[in-house]
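Report on the following structure.
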Amino acid sequence: MATDKKSAGSDEDLIEFLPETRQENNLLSEQVLELVLPSSTTETIDEIEEDTIVISTQSSNTNTDVDNEMFDEDAVIISSLSLHGDQSTGLKTGYVYEEVMQKHAQIATDHLECPGRIKRSYELLQQRGILERCTKVKGRAATDEELEVLHTVEHRKNMDSVVLKSNEELIAMSQSYQSIYLNQYSSLSARHAVGCLLEITEAVMTNKIRNGLAVIRPPGHHAESHCAMGFCVYNNVALAAHAARNKYGAERVLIVDWDVHHGNGTQRMFEEDDSVLYFSVHRYDGGKFYPASPYASPKSIGVGRGKGYSVNVGWNGPTAGDLEYLMVWNQILMPIAYGFNPDLVIVSAGFDAARGDPLGGCEVSPEGYAQLTHMLSGLANGRVIIALEGGYNITSVSESLSACAEVLTTKVPPRLELTTSRKFATHVNAMRETAEALHTIWPVLAPLKQTKSRGRPKLNATDQQSKSTRPQRFASTNSESSAMDISDRESSISPDSVTDSSGGDYSMPRHVLLDSTKNTPVPVRKSKRRAAQKNKGSKHAIDTIAEQENIPCV
């Protein structure tokens, strides 16, 4: 049964959400960094000249000599610890790619979801020598039985019928679906997308490879059990998660969907299942961004036994970048994932939130995706599979997928520059909405409460103790407390100053660099400035930004 194409967004609905001009306002403060830094590490901070802060991050039992060459005069340096699982097995990363998936193409005209997406990605992986470090997994087409565990027989037969139709019939058939095109090879390509991902899943779960990369198309996370939609024919990741659970012995599977569009099909297939945790970070725009589904709401958390196992962070607008995504990972995803303790992580890796994508309007960099992958590699003993979903700037897709592949092959992520977007407050509010919806089920997500005070926020006990000596930039970490307890941090967020919309000249760090190449502490220098600011009153960072942009707090 086909979905009425007018019931939700069409291709035009997708294309109309073009990126707005990003206006960097550099509202980043030490308190924002606290939301990014893992609280399981020990942070030391000292101030230096020219609006620069150097943060050294190291484990509490590390004693490493300082290398003066690591110092960067113009940036905040964060040296993060490796989060990879046990690499002592000697297993390699596996990859799967079959050219037949390029045969699915729109008739007569070009389309955003084009064969070049996987062709260029595969070529770049070859050019950079990444595939030489990997094990090739042979792909195949999925069988009828494998498709029908989650899709209806009628849907499967409808897709198989394309091989016998004329171009005119295929165009008419495509128009009966929502945001779908079909040609005579669509069913074959879609079956290979599923079969390739099933093969890489089996190889990971049977310890033939350490982790996996699936360069596949068409994408799948919008596909419902009964129909194709949103460029997706079959739900590749959902079928792989089902196979991992029911065929290869995984008790719990985590699906991480970072495609800029919500994976409505995937969530609905597991909304009553507490063995599959579906996490999505996407543009929501108050329910107006494609697929314009109520399931994309942060209040959509699953039903029955699956209540609490659907987690949605929905951006209400464009411009979310590396900083916002790292905050989501540290404040929402990773705390839940540690509690869930998955046996396998499958990433619905759409790269339409990447900088330069014509649909997403977000600003995630290839280095940002590498960091997200790096953090996920600490779960499930490193059993992580990256499966391509959307992404419609071929350069952005290929560069981002290549960055993720580098991390899978145990390379440390590159240095990462972090800046706040002009809608930073709106994005933080979106995180709060998710935490509010789930904190009773996942207590680690005790919601970040909005501080309404127009003066200096209340000081906690740690702040009171340190008030006489210096501002408390970061809440102290108690080793017995939860690694990601955001409720313990809320009262310590109070920046010295921000840049206001009228162009006031306030002191702020210009930008931040995340450096994972070294585990040694970054050298610090004594500050000759800010002495006069120690007793300066300040507002809560988020309140200040929200007031400037007239954003209601939730």
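Quick note: residue numbers are just sequence positions, from 1.
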Side-chain touch [X]/[Y], heavy atoms, less than 4.5 angstrom:
X    : Y    : answer
V260 : F289 : yes
R305 : D273 : no
F270 : I255 : yes
L323 : T419 : no
H282 : V313 : no
P318 : R283 : yes
L333 : L376 : yes
V347 : F279 : no

Supply the atom-to-atom distance [X] [atom1] to [Y] [atom2], rounded to the nearest 0.5 angstrom.
X    : Y    : atom1 : atom2 : value
D352 : C362 : CG    : SG    : 8.5 Å
E389 : R217 : CD    : CZ    : 12.5 Å
H222 : N264 : NE2   : CG    : 6.0 Å
I385 : L344 : CD1   : CG    : 4.5 Å
F231 : Y290 : CZ    : OH    : 7.0 Å
Y309 : I336 : OH    : CD1   : 10.0 Å

- prompt: Step by step, would you call V256 with V345 a side-chain contact (heavy atoms from CB on, under 4.5 Å)?
  reply: CA-CA 7 Å; V256 177; V345 179; 4.2 Å; yes
message: Checking L326 against L372 for the side-chain contact (heavy atoms from CB on, under 4.5 Å) test, could you report, in this order, the C-alpha distance in whole Å, the side-chain angles of both residues, the deciding distance, and whether it holds?
response: CA-CA 7 Å; L326 283 171; L372 303 182; 4.0 Å; yes
Taking [X] for the side chain and [Y] for the main chain, is one N or O donor matched with an acceptor at less than 3.5 Å?
X    : Y    : answer
D357 : G391 : no
N236 : P218 : yes
S398 : T395 : yes
R245 : A250 : yes
T409 : E406 : yes
Y295 : G263 : no
S396 : R355 : yes
H262 : Y284 : no
R252 : N341 : yes
T373 : Y369 : yes

Closest non-hydrogen atom pair between [X] and [Y], with its separation:
X    : Y    : answer
N211 : G382 : CB-O, 3.6 Å
P413 : V407 : CG-CG2, 4.1 Å
G265 : N235 : C-ND2, 3.4 Å
A244 : V253 : CB-CG2, 4.1 Å
L112 : P358 : CD2-CG, 4.1 Å
P298 : A437 : O-CB, 3.3 Å

- prompt: Going by atom types only, do S365 and D322 share a side-chain donor-acceptor pair under 3.5 Å?
  reply: yes
task: Check step by step if side-chain contact (heavy atoms from CB on, under 4.5 Å) holds for F340 and D274.
output: CA-CA 10 Å; F340 183 63; D274 62 354; over 6 Å; no
- prompt: Which class fits the ring pair W329 and W258: parallel under 30°, tilted 30 to 60°, perpendicular over 60°?
  reply: tilted
query: Should the ring pair H261 and Y392 be called parallel, tilted or perpendicular, given that the plane angle runs from 0 to 90° and is split at 30 and 60?
result: tilted
task: Pick out which of V276, D257, N312 makes a side-chain contact (heavy atoms from CB on, under 4.5 Å) with Q267.
output: N312
message: What I want to find out is whether R117 reaches E113 closely enough, with some N-O distance under 4.0 Å, to be called a salt bridge.
response: yes
message: With a 4.0 Å cut-off on N to O distance, would you call E367 and R415 a salt bridge?
response: no
query: So W442 and Y338, ring pair (Phe, Tyr, Trp, His ring centres under 6.0 Å) or not? Walk me through it.
result: CA-CA 11 Å; W442 299 98; Y338 290 138; over 10 Å; no
message: One pair to check against side-chain contact (heavy atoms from CB on, under 4.5 Å): I332 and V281. What are the steps and the verdict?
response: CA-CA 10 Å; I332 305 291; V281 54; over 6 Å; no
field: Among E324, H427, E363, side chain to side chain donor-acceptor pair (under 3.5 Å) partner for T319
entry: H427
